[in-house]
Amino acid sequence: MQNWLIKSEPDVFGLADLKRKRVSSWDGVRNYQARNFLRAMAVGDLCIFYHSNAEPSGAAGLCRVVKAAYPDHTAWDPSSPYHDPKDGPQVQRWSMVDVRFERVFARFLPLAELREVPELADMLLFSRSRLSVQPVEEHHFRLIEALGA
DNA sequence: GCCAACGTTGGC
DNA sequence: GCCAACGTTGGC
């Protein structure tokens, strides 16, 4: 069992949207490192749902992987904003998973606050700020869960 | 809206 | 394989 952090812009698709839908595919990831992490996800894994490009940005809550990686067909769709002309059913460059809403944190955790927690200082969230899918170490995950509870 | 960081593309 | 140009992410 692994823990993850996944980013989305709340203006596009926020945790409230996932709550409403209950289950959603996590599509549109177009970065190889992030894709590799998606492919490493297992059913049952918990993910911190992080709001990026928001005011403020930060950790909003949790969701759970309910379907392991499968081809992200939005890449094949010319009308999709995630269309990738180099991809197709034969190539399958990009993957997605399905996630299910788990819960909204009782307290939203802004990035500025997370930054000030010494125990979290070595999170990829800070050193690899542009990575939209990233693993989260168990002790980091537990601490964030406790802070948000 | 600006800009720094950084990933990708493509010429050589 | 290098590297400059370019595009994107995401904080502020």
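The basis for the numbers below is simple: all heavy atoms, side chains too, and nothing from hydrogens, waters or symmetry mates. To find a chain, count down the sequence lines: A is the first, B the second, and so on, and within it residues start at 1.
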For [X] and [N], give me the distance from atom [atom1] to atom [atom2], rounded to whole Å.
X       : N      : atom1 : atom2 : answer
A/Gln33 : B/dT8  : CD    : C1'   : 14 Å
A/Asp84 : C/dG7  : CG    : P     : 16 Å
A/Glu55 : C/dG10 : CD    : P     : 16 Å
A/Tyr82 : C/dT8  : OH    : C1'   : 13 Å
A/Tyr32 : C/dG7  : OH    : P     : 18 Å

Next item on the list: For A/Arg128, report the nucleic acid contact type (base, sugar-phosphate, nothing); a contact means any heavy atom under 4.0 Å.
Entry: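 Sugar-phosphate: the residue A/Arg128, judged by heavy atoms under 4.0 Å, touches backbone atoms but no base.
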
Check: Heavy atoms under 4.0 Å, any strand shown: does A/Ser8 hit a base, just sugar-phosphate, or nothing?
Finding: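 Since no nucleic acid heavy atom lies under 4.0 Å of A/Ser8, the category is nothing.
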
So if I take every side-chain heavy atom of [X] and compare against [options], which nucleotide ends up nearest?
X        : options               : result
A/Arg115 : B/dT8, C/dC12, B/dG7  : C/dC12
A/Leu111 : B/dG7, C/dG11, C/dG10 : C/dG11
A/Asn31  : B/dC6, B/dT8, C/dG10  : B/dT8

Is the distance from OP1 or OP2 of [N] to the nearest side-chain N or O of [X] less than 4.0 Å?
X        : N      : answer
A/Ser129 : C/dG10 : no
A/Tyr50  : C/dT9  : no
A/Lys7   : C/dT9  : no

Item checked: Side-chain touch A/Tyr50/A/Ser8, heavy atoms, less than 4.5 angstrom -> no

Check: Do A/Ile6 and A/Trp26 come close enough that some side-chain heavy atom pair is under 4.5 Å?
Finding: yes

Check: Would you say the ring centroid of A/Phe49 lies under 6.0 angstrom from that of A/His51?
Finding: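 Yes - the distance between ring centres of A/Phe49 and A/His51 falls below the 6.0 Å cut-off.
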
Check: When only distance counts, do a donor and an acceptor, one from the side chain of A/Arg30 and one from the base of C/dT8, lie under 3.5 Å apart?
Finding: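 Answer is no: no donor-acceptor pair is held.
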
Item checked: Pair A/Glu102 + A/Arg100, salt bridge at N-O below 4.0 Å -> yes

Margin query: Can you tell whether the side chains of A/Arg107 and A/Glu113 come within less than 4.0 Å, N to carboxylate O?
Written below: yes

